[in-house]
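For reference, the structure is listed below as structure tokens.
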Amino acid sequence: ALRIAEAAEGKSSYEAAECLQQLGGLNRDRNKTAAADYLQRSLAIFRKLFPAGHDSVASNLLLLAEIYVASGRGAQASALIDEALAMDKHLFEEKYQLPDSTGYAVDLSKAGGLLFQLGRTEEAYAAMRHAGAILVQRKQLFAASGDPGVSTVGFIVGDKATASSVLGEEFARVALALGAQNPARKAELARAVFESVQWSAFSSASEALSQTAARFAARTGDLVQLARTAQDLAAAGRQKSAALSGALSASDTAKAKALRGELAAIDSQRAKLSERLEREFPQYSALAEPHPLSVEQVQTLLRPDEALVFWLVGAKESYVFALTRESYEWKPIALGREALEAKVAAFRRGLEPEAADRSSSKPGNAQNANLFDLAVAHDLYGALLGPIDALVKDKPQLIVVPSGALTALPFHLLVTQAPAVAVPEQLAGYRDAAWLIKRQAVSVLPSVSNLKTLREFAPPQQERKPMIGFGDPVFDPNDSKTAGLQPSAGATDATTRGYTAFWQGTEIDRSALARLPRLPETADELERVAAGLGAAAADIHLRADASESTVKRLPLSDYRVVYFATHGLVSGEIKGVGEPALALTPPKAPNELDDGLLTASEVAQLKLNADWVVLSACNTIAGEKPGAEALSGLARAFFYAGARALLVSHWAVNSYAAARLTTSTFDTLNADPKLGRAEALRRAMLAYMNDASNPKNAYPAYWAPFVLVGEGAGK
């Protein structure tokens, strides 16, 4: 490319300088001498072309400064950084009058990182703070514009690493160092970091919950419907935009033309809705997008018996933030993204009922090596909670806000004291472990801001029916001979509620739904919970009535609890799955309305006003693919549909265990509603674990699959 540019445009052309600059960047790690030579040559050309300064000159200066820092030429690097920052300030703030340019933010971020390496910590902090403010401002401007392709989660700057750097890990590292140098500023820095890193940790689930809260805040029926329509149109716009990109990539001009027409129609509808929302509900935009909370705001929202812990997972190291009503601390964790992913994967080994089924009571049995490792669980406890444990350990309610790999971690299974052995010789030995759940009830929030979402924007308290439930679907029309089958007392070998083997190539083999094992115990599960809540028998839909058609035609917003007890289909576990789904009774002839699978995208179109949605199925917390953002599948969809709390699972649930845990949770909550959902679930798990009638009851794969996501506190 350089040879072509020099031949076509000249050796001193802008095009040649750009190629030289690219070559300099490409050689940063492989040959610093060559990199410096390329960058010096490109800088000389840029200076001749733009004697009064230019953003290309500033970027070149910073690239060359990076080479000098890595080569130990600090004084030269400092001079280049100072020149670049002065040039950018003049260009973007005075000449271009674009003080909120993402290009400016990228340069400030890069300069901040280099200044930090040179020991100029105060200046590094100021540069990163400025860059972060620009990115936040631009994000808010885009969101306010109503662009269907922009959201808190989807906002991307020119340099993808910039947002996570200046709003997250790198900013936290610089602030921590500055606080060590200047103890008088520690409190100020701690609060700034807490708010900043929330921008880099927002998830699509937190956004869905914020959108639901915005609808609740509307109060009046017309405005609620208007807000929902605007949100649905925004989602449709994003889908059509993605489809248009695909059509253009495939050179499908006819499809692209049709999609442009559909997008134009959506844009027109959204413009009219936005105008009305702005006129009748001016605070809507601020409510619909999650925003960081200050330390003081969180402390005001927390109850006296609660602690909130939030993690930021970075590439090199991570950070933990802990708050109670009285105190706030934040600490570094010497584990980066890859290390935590490996530890969480090791932690999850053995968390399936089959691991206990394969185990042997004989010491040294090879199968026992695949059982849950208590030592790994204690090690993770020390890493994740150890730095701030003194602050949170005495609070009965623990609210966790995980990110990255930690979204796949069932925190209630952390072990707070070193175990005598990593893997007990007998399954009953797991009962004696110092599980975190013995100490505290645990609930999960998708983001810190959702604490405000849930507690300040509760749904209107209109009269609603207690519960609606769907379970015991008919997968095989010939299974009537098993009607009425119930598990025996203490049984633990019932079918797990998962769907992992029904595929033809990359497509779902829908005819194979007939091979799914029946779940007769789910009928008893639903009927028992319904009886405890005082729900009508007509609101429990079983067998042929547990279908997509039934779900979609009923007024689900009329119920406080919406309950599904069936097999879960988890995308990400199986190649070719587009999205997660719940398996329901398939129709004789599949159609667009009903094909037997209630997918996440179909869930998002439901209209709920539910205090609690129970997904008594497998791995319903999972994301769309391995390593993807958790809470992004069914959970996100149910939040968007209108749920305030979800009961979801971390792995393939033993069917009898699922029925026992959920019914016990509701029985406990019915006896004392002030306990809260998280505490009721905690007591149900402990009761199961402590039941000595079967040694498998002590194994965590049976008693610990569920987690409460959303509001877990009592009334």
Side-chain angles (χ1 to χ4, degrees), residues 28 58-59 61-63 65-70 72 74-75 77-82 84-86 88-89 102-139 157 159-202 292 294-295 310-322 328-337 387-388 403-404 448:
R28 280 179 299 186
S59 297
L61 288 166
L62 291 171
L63 281 170
E66 185 177 355
I67 301 299
Y68 286 171
V69 168
S78 280
L80 295 179
I81 296 166
D82 290 342
L85 287 175
D88 272 341
K89 180 178 177 61
T102 53
Y104 192 13
V106 169
D107 280 1
L108 283 165
S109 169
K110 190 181 292 293
L114 294 172
L115 289 168
F116 181 52
Q117 293 181 63
L118 293 170
R120 296 169 61 180
T121 311
E122 185 80 53
E123 295 163 279
Y125 176 81
M128 288 190 165
R129 192 87 164 126
H130 191 178
I134 291 173
L135 296 183
V136 169
Q137 182 182 1
R138 286 190 63 76
K139 183 265 149 197
V157 297
D159 180 346
K160 287 187 178 182
T162 301
S164 60
S165 172
V166 301
L167 295 172
E169 177 186 7
E170 189 69 17
F171 181 70
R173 186 179 298 118
V174 171
L176 197 65
L178 185 57
Q181 293 174 13
N182 190 347
R185 295 189 62 189
K186 272 189 175 182
E188 165 217 334
L189 294 166
R191 280 162 170 73
V193 169
F194 181 70
E195 291 184 47
S196 177
V197 299
Q198 289 177 60
W199 283 110
S200 64
F202 281 130
S294 69
V295 169
F310 163 49
W311 290 268
L312 175 72
V313 176
K316 299 175 182 177
E317 62 184 347
S318 303
Y319 297 88
V320 58
F321 304 81
Y328 163 52
E329 286 185 9
W330 71 294
K331 301 285 185 182
I333 297 173
L335 294 170
R337 188 175 298 116
I388 46 81
S403 65
V448 175

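Small disclaimer: the values here were computed from a predicted structure and weren't measured.
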What is the distance from atom [atom1] of [X] to atom [atom2] of [Y], rounded to the nearest 0.5 Å?
X	Y	atom1	atom2	value
Phe310	Ile388	CZ	CD1	13.0 Å
Glu317	Glu169	CD	CD	6.0 Å
Thr121	Asn182	OG1	CG	11.0 Å
Glu329	Phe321	CD	CZ	12.5 Å
Tyr68	Ser78	OH	OG	13.0 Å
Lys89	Tyr104	NZ	OH	5.5 Å

Partner residues of [X] under the side chain to side chain contact (heavy atoms under 4.5 Å, CB included) criterion, sequence neighbours left out:
X	answer
Ala65	Ala77, Leu80, Ile81, Leu114
Ala79	none
Ser318	Val313, Ile333, Leu340
Ala86	none

Taking every non-hydrogen atom, the tightest pair across [X] and [Y]:
X	Y	value
Ser109	Ala131	N-CB, 4.0 Å
Ala124	Gly112	CB-O, 3.2 Å
Gly113	Met128	N-CE, 3.6 Å
Val193	Ala172	CG1-CB, 4.0 Å

Pairs involving residues 122-136, ordered by first then second residue, that meet side chain to side chain donor-acceptor pair (under 3.5 Å) (sequence neighbours left out):
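Only Arg120-Glu123, Glu122-Arg185 qualify under side chain to side chain donor-acceptor pair (under 3.5 Å).
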Please enumerate all residues that pass side-chain hydrogen bond (donor to acceptor under 3.5 Å, both in side chains) together with Tyr328, with sequence neighbours excluded.
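Checked Tyr328 against side-chain hydrogen bond (donor to acceptor under 3.5 Å, both in side chains); zero matches.
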Among all residues two or more places apart in sequence or in another chain, which pass the salt bridge (charged side-chain N to carboxylate O under 4.0 Å, His left out) test with Lys316?
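For Lys316, no residue satisfies salt bridge (charged side-chain N to carboxylate O under 4.0 Å, His left out) once neighbours in sequence are set aside.
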All salt bridge (charged side-chain N to carboxylate O under 4.0 Å, His left out) counterparts of Glu195, not counting sequence neighbours:
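Applying salt bridge (charged side-chain N to carboxylate O under 4.0 Å, His left out) to Glu195 gives none.
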4.5 Å side-chain heavy-atom contact, Leu189 and Leu178
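Yes, close enough: below the 4.5 Å cut-off.
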Are the side chains of Trp199 and Pro292 in touch, meaning some heavy atoms are under 4.5 Å apart?
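In contact.
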Could you walk me through whether Leu62 and Leu85 pass the side chain to side chain contact (heavy atoms under 4.5 Å, CB included) test, one step at a time?
CA-CA 9 Å; Leu62 291 171; Leu85 287 175; 5.7 Å; no
Of Val295, Val197, Leu176, Val320, which meets side chain to side chain contact (heavy atoms under 4.5 Å, CB included) against Trp330?
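It is Leu176; the other options fail the test.
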